[in-house]
Enquirer: 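Right, I'll just put the structure down here and ask away after.
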Amino acid sequence: MILKYCIALFFGAGLLACSAVNTITVESDSVAVTDRYASPNIIDSIVSPYKVGMDAIMDSVIAFSPNDFTKGRPGGSLNNWSADVILSETLSLIPKSGPVFCLLNVGGLRNPINKGGVTVGDIYKLMPFDNEIVMVEMPLSTILDIEVYLKKSGGEPIAGAKIISGKLKLDGIHKDTKSYWIVTSDYLMNGGDKMNFFEKRLSEDFAGVLMREAMLDAAISQDTLIWNNENRISF
Amino acid sequence: MKTESHFKMERRTFIRNTALLTGGTLIAPSLFAAIGNPIEVADSAKGLNTLTILHTNDTHSNIDPFPDNHAKYAGKGGVARRYELIEQVRQQEDNVLLIDAGDIFQGTPYFNMYGGILEMKLMSELGYEAATMGNHDFDAGLEGFVGAQKHANFPFLCSNYDFANTPIDGLTSERLILQKGNIKVGLFGIGIELDGLVPDLKYGETKFLNPIEKANEQAEKLKEEGCDLVICISHLGYSYDDDRVSDIQLAKKTKNIHLIIGGHTHTFLEKPVEEVNLDGETVLINQVGWGGINVGRIDFKFDTKKFAKKDVLVVQ
């Protein structure tokens, strides 16, 4: 669809005197890039050697997806899968006693996992960033900050805890509990997505593993990805 | 004839006569018919007074078309097809300007494996004439950007990042002027606040400067330098619920900008949105989603006519 605007411009000595009139016609279009434009060209030959090298690694099928995994707010099947696997992979690397849950960000999940064969490349598209997994020790008082943050954002991927009517439900908190652990990414711990409550952290432990590597490991070990669309967050 | 003065896109003269809008490609013939026979001094040479702007944003390393099993955009996009589309427009139009509003990097394994080099090579081949840096264009770090940028033959326009004491220092420009036929086009780039969006280590000592102040400064300079059309290439994002600076705010709080080509929020606009600037003049804002799914096209056609003293213009 072509849309048209017209802008008529007047300047000079006024409308009655000798004056120049500028007209600017503006037409616009949002042109869809489709196979209508598919004909072999120079781009293919530039891309080709890069693609061959990439496909050799990325096209390898490592798991099967029984359903589409999609992200959403307050939750989604991709939110749950991502948070679940980051939590379980991390706990096997750096086991901690005490309350622990996983908190990621919706914005960091960059692509759905589609039903069917899951390739290495699919996991790269889901988690393209080189973010590292980190366990962050937080004072108990920050639970309120997290509740406020989640309410404002509308929900982020969590595992090992639930938000019920806006309140964080986390097992293992007793009356003498002073801190708890959050499994997350270095990006979020360092203030990414304005998760400023991480500034109040007491300590941190890097897992030495990228988020993407943990997801690749989990996909391979699950073989058929565990699809779980349970609602973990309500306000 | 080249227009001597700068365009004043005043709200009161922004004609909204739908009959005129739908009736033809140009408002001018209808207007002129109403007022007699103006003395025409305009350059009638076809093409010299027209400019076709093609633009993308947030292509995010999407080099191949989206796969056939993609949940949302199966079979859409692809750089080879974009090339074909652009070439077709270039064959039809004399003056084409191709620009990108940032976030060229990150999103497919092409970036993970090759660090953005292929993206730069392809954009150079497509004939991009300017781009601005998005937040994800810092994802390879500053050194990584330098390594990829070596393969780009077009300038990166960044006016509100201070790259002093970083490896990027001197590799970007604040603004650019391009002569397109009779039209002198001024371009500058505006980037988004990196704090909280990009890991600190990735952007190092880069300083973020006030986007509104820098935009006003750059647009004013381009006006002084005689540009007929001033385009801001922005990665601020289209609009926000909170007080973050957006393209909408940028348009409202500045002067001398005619068009903002935006990015970051992955907003699919069907047509440019109009805003009103500090001087009451119209600013157009456009953005075409992400991933190279669409290419935005905006055609400007400029006409200058001169009238005799007794003529009276009636604008509805």
Enquirer: Tell me, please, which residues at least two apart from A/N229 pass side-chain hydrogen bond (donor to acceptor under 3.5 Å, both in side chains).
Expert: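 Here no residue qualifies.
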Enquirer: Kindly check if the number of other-residue, nucleotide or ligand heavy atoms within 6.0 Å of CG (A/L93) is above 12?
Expert: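 More than 12 within 6.0 Å, yes.
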Enquirer: Restricting to non-hydrogen atoms, name the atom on A/Y187 and the atom on B/G196 that form the minimum distance, rounded to 0.1 Å.
Expert: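 In terms of heavy atoms, the two residues are closest at OH-O, 3.4 Å.
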Enquirer: Taking side chain as everything from C-beta outward and backbone as N, CA, C, O, which of these in B/K121 sits under 4.5 Å from a heavy atom of chain A? Side chain, backbone, both or neither.
Expert: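 For B/K121, side-chain heavy atoms alone lie under 4.5 Å from chain A.
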Enquirer: Is it the backbone or the side chain of B/D64 that comes under 4.5 Å from a heavy atom of chain A, or both, or neither?
Expert: side chain
Enquirer: Would you say CZ of A/R73 has more than 12 non-hydrogen atoms from neighbouring residues, nucleotides or ligands within 6.0 angstrom?
Expert: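 Enclosed.
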Enquirer: According to the interplanar angle, ranging from 0 to 90°, do the rings of A/F129 and B/H136 count as parallel (below 30°), tilted (30 to 60°) or perpendicular (above 60°)?
Expert: parallel
Enquirer: Is a donor on one side and an acceptor on the other found under 3.5 Å between the side chain of A/Y50 and the backbone of B/L118?
Expert: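 Side chain of A/Y50 to backbone of B/L118, a donor-acceptor pair under 3.5 Å: no, none is there.
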Enquirer: Under a 4.5 Å heavy-atom cut-off, does chain A meet the side chain of B/F111, its backbone, both or neither?
Expert: neither
Enquirer: Contact part of B/L51 toward chain A, heavy-atom cut-off under 4.5 Å: side chain, backbone, both or neither?
Expert: neither
Enquirer: Return yes when atom CG of B/D241 has more than 12 non-hydrogen atoms of other residues, nucleotides or ligands closer than 6.0 Å, and no otherwise.
Expert: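 Incorrect, the count does not exceed 12.
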Enquirer: Find the one option among B/M113, B/H60, B/H55, B/R81 whose heavy-atom pairs under 4.5 Å with chain A are most numerous.
Expert: B/R81
Enquirer: Could you have a look at B/G292, B/G77, B/P67, B/G78 and say which one has the most heavy-atom pairs with chain A under 4.5 angstrom?
Expert: B/G77
Enquirer: Quick check on the interface: out of B/K72, B/R82, B/E125, B/K76, who has the most heavy-atom pairs with chain A under 4.5 Å?
Expert: B/E125
Enquirer: Which heavy-atom pair separates B/L122 from A/I46 by the least distance, and what is that distance?
Expert: CD2-CG2, 3.8 Å
Enquirer: Where on B/I293 is there a heavy atom nearer than 4.5 Å to chain A: the side chain, the backbone, both, or neither?
Expert: backbone
Enquirer: Report the option among B/V89, B/T108, B/V79, B/V198 that has the most heavy-atom pairs separated by less than 4.5 Å from atoms of chain A.
Expert: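 It is B/V79.
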Enquirer: Counting only heavy atoms closer than 4.5 Å, note whether B/P109 contacts chain A via side chain, backbone, both or neither.
Expert: both
Enquirer: Side chain from CB out, backbone as N, CA, C, O: work out which of these in B/V288 comes under 4.5 Å of a heavy atom of chain A, or both, or neither.
Expert: side chain
Enquirer: Indicate yes or no: at least one non-hydrogen side-chain atom of B/L284 is less than 4.5 angstrom from one of A/V26.
Expert: yes
Enquirer: Side chain, backbone, both or neither: which part of B/Q88 has an atom under 4.5 Å from a heavy atom of chain A?
Expert: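 The answer is the side chain of B/Q88.
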Enquirer: If I take atom CG from residue A/D29 and atom CD from residue B/E270, how far apart are they, to the nearest 0.5 angstrom?
Expert: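 These two atoms lie 10.5 Å from each other.
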